[in-house]
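Letters A, B, ... are given to chains in the order of the sequence lines, protein chains preceding strands, and every chain is numbered from 1.
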Protein chains: 4
Amino acid sequence: MADEMEQWLSSLLRLIDEDEKMTERQIRIIQAAVDTFAEKGYASTSTAEIAQKAGVAEGTIFRHYKTKKDLLLSIVTPMMSKLVAPFVLRDFLKVLDTEYRHFEDFLRAAMRNRLEFVKKNAPIVKIMLHEIPFHPELRDKFKEELIPQVAERLRRIVTHFQARGEIVEMPPFAVVRMSVSAVLGYILTRCFLFPEYDWNDEEEIERVVRFIMHGLTPKSGAD
Amino acid sequence: MADEMEQWLSSLLRLIDEDEKMTERQIRIIQAAVDTFAEKGYASTSTAEIAQKAGVAEGTIFRHYKTKKDLLLSIVTPMMSKLVAPFVLRDFLKVLDTEYRHFEDFLRAAMRNRLEFVKKNAPIVKIMLHEIPFHPELRDKFKEELIPQVAERLRRIVTHFQARGEIVEMPPFAVVRMSVSAVLGYILTRCFLFPEYDWNDEEEIERVVRFIMHGLTPKSGAD
Amino acid sequence: MADEMEQWLSSLLRLIDEDEKMTERQIRIIQAAVDTFAEKGYASTSTAEIAQKAGVAEGTIFRHYKTKKDLLLSIVTPMMSKLVAPFVLRDFLKVLDTEYRHFEDFLRAAMRNRLEFVKKNAPIVKIMLHEIPFHPELRDKFKEELIPQVAERLRRIVTHFQARGEIVEMPPFAVVRMSVSAVLGYILTRCFLFPEYDWNDEEEIERVVRFIMHGLTPKSGAD
Amino acid sequence: MADEMEQWLSSLLRLIDEDEKMTERQIRIIQAAVDTFAEKGYASTSTAEIAQKAGVAEGTIFRHYKTKKDLLLSIVTPMMSKLVAPFVLRDFLKVLDTEYRHFEDFLRAAMRNRLEFVKKNAPIVKIMLHEIPFHPELRDKFKEELIPQVAERLRRIVTHFQARGEIVEMPPFAVVRMSVSAVLGYILTRCFLFPEYDWNDEEEIERVVRFIMHGLTPKSGAD
DNA sequence: GATGAATGAGCTTTCATTCAT
DNA sequence: CATGAATGAAAGCTCATTCAT
């Protein structure tokens, strides 16, 4: 079964496994819920449909998740953490000294890593994107915990490379925003807007990194 | 009333006025629908709630819009067109020769213009962002009409400035994607993620334009 | 229709009519609800059954009553007031001077009157008896409003006739309790325990009144 | 544990013990069921809640009682018998000759005895009062077995004391009804309506007995 | 014997839509 | 045109009962 299992599922299971074992039925419920939430949106998905897709009775869903909302949260909450996990690890900043000689090395690594993550967890990330704005618990966690944490870590990195003269003088958060825009612009286009297009990820990553570093202006004296 | 009217409403009215007159009741319905769809999402909004907020009977909604979905489309469809209108106007490309000496002038103007548009129409743009992926008619129009049209126009502009040596050699669509990412990154952060923050738009626009043109690397020998 | 209408219904309608008109459908809903609540108890009655008996769609019930509990309260609350109404009327005590020469005249009148009331409203009174203990709002209103009010009025009457030497010296509330026990003992036996038995109400009322006044001991020297 | 055990429980256990042994789990189930049925009513109590309060699995309840209704009956049926037991014992009438010189001695003894019984078994008696009317088996047993048996025994006692000239000439069943009303009036008020009030039972019993014998009219020539 | 996950019928409630007024 | 009462299908959820472990 592991082979057929979609990436996001084994990913999610690993997250939850650590706390408590999930029964096979629970896995089928989560699987059906993620598929359907991603396809039609949370509010337009009925518990009856999830139960049917999962091949369980409707009551079974409610034995494991008190409410439909609970089911949503049990999917979204652990993934939200994992989405930003690489940036909030305690020893994240130390890594800098040893691992990334230049800012663009860091950019390249981070972009590659998060792109793989989103590729593996596309349906859940799609659910997150759509549901976070409409559920206060999620929105608050996102705006008041995750974003600030990630932003702060990135700010330090930016400051670090600004001190080394690798990054232009500009408010660090502005640097963060623009880097993130460029990276996310590609990841979202690639995974959600045109997933069917045949992307050459390595080439595109390289392009984005170069864009972030040098912009669109041709090298002076090149013409 | 025009003074109190929210921007997006008069904007929307102008769009529809051209075709047919709207009654005052219809306006109140649209107003209530937009507010509520933006706040809770289309699927989680009941027609009863819209009717109540609009101060009309439930039946009245269905006199003007055959179904709830119709009501959504009557809001989203014209705005979708207007969102990309500046880029698909017939004489858009001519403007280039006469108006924008440099690529960054065009960027600056376009970004300023679309930012104003989103600021004025924030609730409807939010509805669009959330509903387009879940409604095939909308998704198809978006992916197969709007995006290709806009992309094509922008591609020509990029080609134009590449020919002039203002833009680095790179597949034109890649240039488009990266410029759009940077511009949208700011617009969406500013209008939806942190609308409450006190932004200095002119300054930020300038920063984004400079970022697009030169990236994050400091001028060589500048320090 | 008025002729076929059951007594408790016209009774209840009069109560509610004064505030606002009830539609014919609402009447049928109340009728079906009262019948079924009385027969099977509130908790064992489904709204589907009420709707079917009333010949309306289930949704119609919830258009008129926000919840099933609301429906119960709309039946029980006005009747609770009416059950004790004769005792809490503002001019109730004045009546004493003019109308009832002796305590037993008052007893006879009150018993006759409340017996008629319960006979006419038997199903609703049955619902009250069973539901008051399980619904805090009802229980509180009953124990902390209705009973104290009625008890206080009756206490004054008892005191009045004690002063005249018609009633034995005993704590007035004890007198009230025993009179009420005797009266209710008959009313409940007659209306709920053995309603099918062919009661001669006037004779029984007379017996109860004589019992309350003289007890079971034969007149001394009478035999 | 016997010390902490509530009165009604040891009472019920003695009833059932005679037939078959109960396991400790069964006792906990009964305990939880009685508490909850009394608090919220049979129909509003879920087997899940009983299981949880009893600290057993839901399945365990159904191992001992085929259905939820069975559980109710196993509580109510033996108590119904015991409630009227003193009056239907085979040698009940003989006792009269030897034990009670006067009717009021009998009244006093019976009232004292049944009051103690209800005090000890209050929750179960409450369940009986509420459920008997809604369950045909219980209702039939109550109306067609218990009441007739008790009534007949009491009728004979009344006839006995009427022959001795201690009780006024009146249909014996009427005497029974009025005595029972007076006695139950106190017991129910004391145990269910105002159990929190600080009652002096002996005093009240004496008052009720005197009320039954002499009514409310003061002794002639007393004023 | 005890467990508790699973069931599916049934519950109360919501909702888009219709239509007589 | 506007209304809002009525509808009934479908929603989320509960629950007594079963059964493999």
Side-chain angles (χ1 to χ4, degrees), chain A residues 23-26 28-29 43-52 54-71, chain B residues 23-26 28-29 42-52 54-72, chain C residues 23-26 28-29 43-52 54-71, chain D residues 23-26 28-29 42-52 54-72:
Chain A
T23 71
E24 186 242 347
R25 275 182 148 79
Q26 230 169 325
R28 291 216 311 271
I29 290 170
S44 303
T45 298
S46 74
T47 51
E49 186 175 358
I50 295 171
Q52 196 215 331
V56 303
E58 223 176 324
T60 306
I61 294 177
F62 290 93
R63 172 162 292 277
H64 293 287
Y65 306 92
K66 251 165 64 78
T67 64
K68 185 187 165 194
K69 179 91 167 258
D70 251 37
L71 175 56
Chain B
T23 70
E24 188 242 349
R25 278 185 146 74
Q26 234 168 321
R28 291 215 311 270
I29 290 170
Y42 167 76
S44 303
T45 298
S46 73
T47 50
E49 186 176 358
I50 296 171
Q52 195 217 330
V56 304
E58 278 197 70
T60 308
I61 293 177
F62 291 91
R63 182 154 299 281
H64 293 287
Y65 306 92
K66 241 163 65 78
T67 64
K68 185 187 166 194
K69 180 94 168 254
D70 254 35
L71 175 56
L72 173 69
Chain C
T23 71
E24 186 243 347
R25 275 183 147 79
Q26 232 170 323
R28 291 215 312 269
I29 290 169
S44 303
T45 298
S46 74
T47 50
E49 186 176 357
I50 295 171
Q52 196 215 330
V56 303
E58 225 176 322
T60 307
I61 293 178
F62 290 92
R63 174 160 292 276
H64 293 288
Y65 305 92
K66 249 163 66 77
T67 64
K68 185 187 166 194
K69 179 92 167 255
D70 250 38
L71 176 55
Chain D
T23 71
E24 188 242 349
R25 277 185 146 75
Q26 234 170 320
R28 291 215 311 270
I29 290 170
Y42 167 76
S44 302
T45 297
S46 74
T47 51
E49 186 176 357
I50 295 172
Q52 195 218 330
V56 304
E58 277 196 71
T60 308
I61 293 178
F62 290 91
R63 182 155 297 282
H64 293 287
Y65 306 92
K66 243 164 62 79
T67 64
K68 185 187 167 194
K69 181 92 168 254
D70 254 34
L71 176 55
L72 173 68

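In this structure, Glu58(A) places its CD atom 19 Å from P of dA5(E), rounding to the nearest Å. Atom CD in Glu49(A) sits about 13 Å away from atom C1' in dA11(F), given to the nearest Å. When the P atom of dT13(E) is taken as reference, atom CG of Leu71(C) falls 10 Å away, rounded to whole Å.
Contact between the side-chain N/O atoms of Arg25(C) and the OP1/OP2 oxygens of dT7(F) is found at a separation under 4.0 Å. Between Thr67(B) and dA16(E) there is no side-chain polar atom (N or O) within less than 4.0 angstrom of OP1 or OP2. Side-chain N/O atoms of Arg63(C) include one lying less than 4.0 angstrom from OP1 or OP2 on dA5(F). Taking 4.0 angstrom as the limit, His64(D) places a side-chain polar atom (N or O) nearer than this to OP1 or OP2 of dA2(E).
Contacts of Ser46(B) with the nucleic acid, taken as non-hydrogen atoms under 4.0 Å apart, involve only primed sugar atoms and P, OP1 or OP2. Contacts of Thr45(C) with the nucleic acid, taken as non-hydrogen atoms under 4.0 Å apart, involve only primed sugar atoms and P, OP1 or OP2.
The cationic group of Lys68(B) does not satisfy the cation-pi geometry with Phe62(B), failing either the under 6.0 Å distance to the six-membered ring centre or the 45° limit from the ring axis.
If you check dA20(E) for Watson-Crick or wobble pairing at under 3.5 angstrom, you find it paired to dT3(F).
A residue-by-residue look at Lys66(B) and Lys69(C) shows that Lys69(C) has its nearest nucleotide of DNA chain E further toward the 5' end. Position along DNA chain E of the nearest nucleotide to Thr47(C) versus Ala43(B) favours Thr47(C) as the more 5'-ward residue. When the nearest nucleotides of DNA chain F are assigned to Lys68(D) and Gly55(C) by heavy-atom distance, the more 5′-ward of the two goes with Gly55(C).
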